[in-house]
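Just so it is clear, the values below take in all heavy atoms, side chains as well, and ignore hydrogens, waters and symmetry mates. As the structure is a computational prediction, the values presented were derived from the model and not from experiment. Numbers here are sequence positions counted from 1.
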Amino acid sequence: VVGKSLPRPDVPAKVTGEHAYMHDFRVPGMLHARVVRPSAIGAQLLSVDASSVAGIRGLTKVVRLGSFLAVVGETEWAAIKGAETLKATWSAWEGLPDMDKLYQVVRSTPVAKDEITVNVGDPKSALAGAAKTVAATYEFAIQTHGSIGPSCAIADVRDGRAEIWSASQAPHWLRRDLSTMLGIPVGSIRVHYLDGAGCYGRNGHEDAAADAALLSREMGRPVRVQWMRHDEHGWDPKGPPTLAELKGGLDANGNIVAWQSEFWIPKLTAITDGVPLIAATLAGLPRKDAINPGNIFQNSAPSYPFPNARALVHRLETTPFRPSWIRTPGRMQNTYANEAFMDELAAAAGADPVEFRLRHLKDPRGIEVLKAAVSRAKWETRPSPSKTAARASVASGRGVSYVKYENVRTYVAAIAEVEVDRRSGAIRVKRVVVAHDCGQVINPDGVKAQIEGNVIQTVSRTLKEELTWDRSRVTSIDWELYPILKFPEVPEVDTVLIDRPDQPPWGAGEPAAAVVPSAISNAVFDAIGVRVRTVPFTPGRVKAAILAKT
């Protein structure tokens with residue numbers, strides 16, 4: 001079957017609604033619960049008026065454990081009404097940074113340690129002697145997982161044992177974390193996996209399981225916890241912000257002779273430590289206070305063998321929100337900075353962006369994947385921006401991006417075709433061509449589906465998605481305030497698979513996402529001759545960049 005596109009046996013049941021997701025699952029005798037979240041992320045629960053929900057039919061109990069507060073009922077509706085009605089008093093807390101000062105805060109955060117991910121030649125001297133130098137700063141926003149279905153779990157904790165039903169992406173770590181929180185041996189905890197809404201990292205699935213486990217232990221019966229939309233958007237772990245500064249030098253022939261980069265990202269305590277459970281934190285129960293945003297230093301080193309190059313990664317002590325893996329962690333943000341800057345250097349050299357990359361590439365597979373994308377896209381060879389960039393009110397452009405994922409595996413090249421409305425600042429991504437070499441292709445249809453999902457989700461993250469907050473809490477707690485790509489906005493995705501049966505099969509779940517933001521950024525520059533360096537590229541930021549140039 002290797003190399004053949006086979007139909008997925010799970011699709012018919014999912015299309016017809018027969019497939020049982022976590023949200024559909026039930027166990028006999030279970031109760032329903034909702035957690036009442038603090039009014040601010042760091043607030044403490046001062047008092048609860050249990051009499052405020054006394055008249056709700058089917059409500060069983062108000063549970064308070066420290067600052068962990070929940071209502072439990074015989075029906076889900078009773079739990080929903082109870083959570084909406086319950087009166088509680090919380091302490092004030094304003095520990096979040098001002099949103100408009102985020103990147104100043106990132107830059108000034110104490111550094112836990114510095115990592116050098118590439119150090120070749122003498123970039124400082126080469127930069128000083130370059131015929132032309134370029135510098136740019138890039139910012140990538142805090143983002144939420146935005147799972148369409150909020151997290152859900154069922155727990156049955158009785159007689160020194162725990163049985164959990166969860167869509168956790170890491171059930172082995174969930175067992176360990178529940179063991180720490182509940183004081184039950186790992187061997188006495190069983191986690192059943194059921195499909196949930198996609199999380200692409202770690203969203204609220206584990207936290208919902210912890211909520212249910214605490215409440216089941218209190219009630220002596222199975223408890224189902226279904227998060228609400230405001231729970232998911234407000235309280236799931238976040239993809240942390242990234243700040244990057246790059247400097248490059250060109251010789252008289254337009255070749256890169258110096259490359260220097262600095263990245264500001266959160267530290268990683270230990271990847272196996274997972275993410276602290278909210279329930280354990282609020283209830284004051286044992287937990288690991290880890291910072292775990294994933295291996296987000298990856299691809300800070302550029303995917304080209306420059307003669308003089310240095311990439312420095314500042315690993316920061318803290319980050320504003322509880323961080324975790326979110327699809328293509330770090331690789332997307334770092335590749336965005338590197339490949340947008342590669343385009344800026346190409347423009348400074350007056351070179352075609354593809355020709356400029358090929359000039360600096362040595363890896364035959366990298367060269368082939370880039371040429372495959374260019375061929376499929378029918379790339380027009382010329383420097384960027386286009387000659388009409390300064391005139392058209394609605395301008396079209398194309399941009400290219402390339403990465404060798406983590407600099408050790410899957411090769412990806414992408415061409416984005418966009419339209420930019422100068423008056424509104426709106427960007428429309430019309431088409432994305434992706435050439436993809438992940439070694440031996442096991443299931444071509446599966447790889448194509450992964451690439452399409454990568455592109456669509458990342459176009460959304462690039463154009464729209466950004467967490468908002470005040471000094472106390474997340475404010476983007478619904479789809480109006482945290483918009484995602486809508487069906488009419490989905491671009492055409494055209495894929496070219498390069499199969500290498502003699503090579504190991506590598507991943508397809510993330511690499512194509514890494515090149516999308518930079519491909520769009522470079523296409524916008526080609527269209528209007530303006531650089532937008534902060535993701536997401538909202539209409540407001542596009543218009544501000546246009547005004548700044550004029």
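- The shortest side-chain heavy-atom distance between Gln333 and Tyr138 does not fall under the 4.5 Å cut-off.
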Report the C-alpha separation of Leu316 and Val111 in whole Å, then their side-chain angles, then the decisive distance to 0.1 Å, and conclude whether the side chain to side chain contact (heavy atoms under 4.5 Å, CB included) test is met. CA-CA 4 Å; Leu316 308 179; Val111 175; 3.9 Å; yes
Stepwise, does the side-chain hydrogen bond (donor to acceptor under 3.5 Å, both in side chains) test hold for Ser147 with Asn203? CA-CA 8 Å; Ser147 301; Asn203 61 353; 2.8 Å; yes
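- Taking the ring pair (Phe, Tyr, Trp, His ring centres under 6.0 Å) definition, one finds that Tyr193 meets it with nothing, sequence neighbours left out.
- Under the 6.0 Å distance and 45° angle rule, Arg37 counts as a cation-pi partner of Trp227.
- Lys87 NZ: 12 or fewer foreign heavy atoms inside a 6.0 Å radius.
- Rounding to the nearest 0.5 angstrom, the gap separating the CZ atom in Arg310 from the CG atom in Leu312 is 5.0 Å.
- A salt bridge is defined here as a Lys NZ or Arg NE, NH1 or NH2 lying under 4.0 Å from an Asp or Glu carboxylate O, and Arg224 with Asp211 fails to meet this definition.
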Full working for side chain to side chain contact (heavy atoms under 4.5 Å, CB included) between Val48 and Leu69: CA-CA 9 Å; Val48 181; Leu69 181 63; 3.8 Å; yes
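- Judged by distance alone, the side chain of Ser179 and the main-chain N or O of Arg175 form no donor-acceptor pair under 3.5 Å.
- In this structure, the side chain of Thr269 does not engage the main chain of Ala290 through any donor-acceptor pair within 3.5 Å.
- Going from atom CG of Leu277 over to atom CG of Leu178 covers 6.5 Å, rounded to the nearest 0.5 Å.
- Considering Thr410, Val408, Val403 in turn, Val408 is the only one that fulfils the side-chain contact (heavy atoms from CB on, under 4.5 Å) rule with Glu406.
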List the steps, then state whether salt bridge (charged side-chain N to carboxylate O under 4.0 Å, His left out) holds for Asp10 with Arg8. CA-CA 6 Å; Asp10 58 334; Arg8 286 178 50 157; 2.7 Å; yes
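- Taking the charged nitrogens against the carboxylate oxygens, Glu84 and Arg34 have no contact shorter than 4.0 Å, which rules out a salt bridge.
- In this structure, CZ on Arg229 lies 11.0 Å from CD1 on Ile477, to the nearest 0.5 angstrom.
- When the salt bridge (Lys or Arg N to Asp or Glu O under 4.0 Å) test is applied to Lys61, no partner is found at least two apart in sequence or on another chain.
- With ring centers used as reference points, His19 lies under 6.0 Å from Tyr21.
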Test salt bridge (charged side-chain N to carboxylate O under 4.0 Å, His left out) applied to Glu317 and Lys113, step by step: CA-CA 8 Å; Glu317 279 288 355; Lys113 70 171 183 175; over 6 Å; no
Between Gln143 and Glu465, is the side chain to side chain contact (heavy atoms under 4.5 Å, CB included) condition met? List the steps. CA-CA 6 Å; Gln143 295 182 332; Glu465 298 187 36; 3.8 Å; yes
Please report the C-alpha distance between Arg533 and Glu139 in whole Å, then the side-chain angles of each, then the deciding distance to 0.1 Å, and finally whether the salt bridge (charged side-chain N to carboxylate O under 4.0 Å, His left out) criterion is met. CA-CA 6 Å; Arg533 297 188 179 96; Glu139 300 164 343; over 6 Å; no
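- Within a 6.0 Å sphere centred on NZ of Lys448, heavy atoms belonging to other residues, nucleotides or ligands number 12 at most.
- Remark: of the listed residues Leu182, Thr180, Asp177, Thr180 is the sole one forming a side-chain contact (heavy atoms from CB on, under 4.5 Å) with Pro286.
- One finds the OG1 atom of Thr538 at 9.5 Å from the CG atom of Leu463 (value rounded to the nearest 0.5 Å).
- Ring pair Trp77/His32: centre-to-centre distance not below 6.0 Å.
- In this structure, the side chain of His145 does not engage the main chain of Glu232 through any donor-acceptor pair within 3.5 Å.
- Close placement of the Trp469 and Phe321 rings is indicated, their centers lying within 6.0 Å of each other.
- When atom types are taken as modelled, the side chain of Arg461 and the backbone of Arg327 share a donor-acceptor pair closer than 3.5 angstrom.
- Judged purely by atom type and a 3.5 angstrom limit, Asn443 uses its side chain to pair as donor or acceptor with the backbone of Gly446.
- Asp159 CG: 12 or fewer foreign heavy atoms inside a 6.0 Å radius.
- Ring planes of Phe537 and Tyr336: tilted class, angle from 30 to 60°.
- Residues Tyr405 and Val412 are not in side-chain contact: their nearest non-hydrogen atoms beyond the backbone lie 4.5 Å or more apart.
- Between the side chains of Asn334 and Ser300, no donor-acceptor pair of N or O atoms lies under 3.5 Å.
- Checking Gln169 against His205 by side-chain atom types alone, no donor-acceptor pair falls below 3.5 Å.
- Without hydrogens or angle criteria, Ser518 side chain to Val515 main chain gives a donor-acceptor distance under 3.5 Å.
- With respect to Arg541 and Glu466, a salt bridge is recorded, a charged nitrogen being found less than 4.0 Å from a carboxylate O.
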Test Glu115 against Arg315 for salt bridge (charged side-chain N to carboxylate O under 4.0 Å, His left out), laying out the working first. CA-CA 7 Å; Glu115 294 178 61; Arg315 302 304 296 262; 2.7 Å; yes
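- Screening residues 282-292 for side-chain hydrogen bond (donor to acceptor under 3.5 Å, both in side chains) gives Asp273-Lys288, Thr281-Arg287, Arg287-Asp289 as the qualifying pairs, with residues at least two apart or on separate chains.
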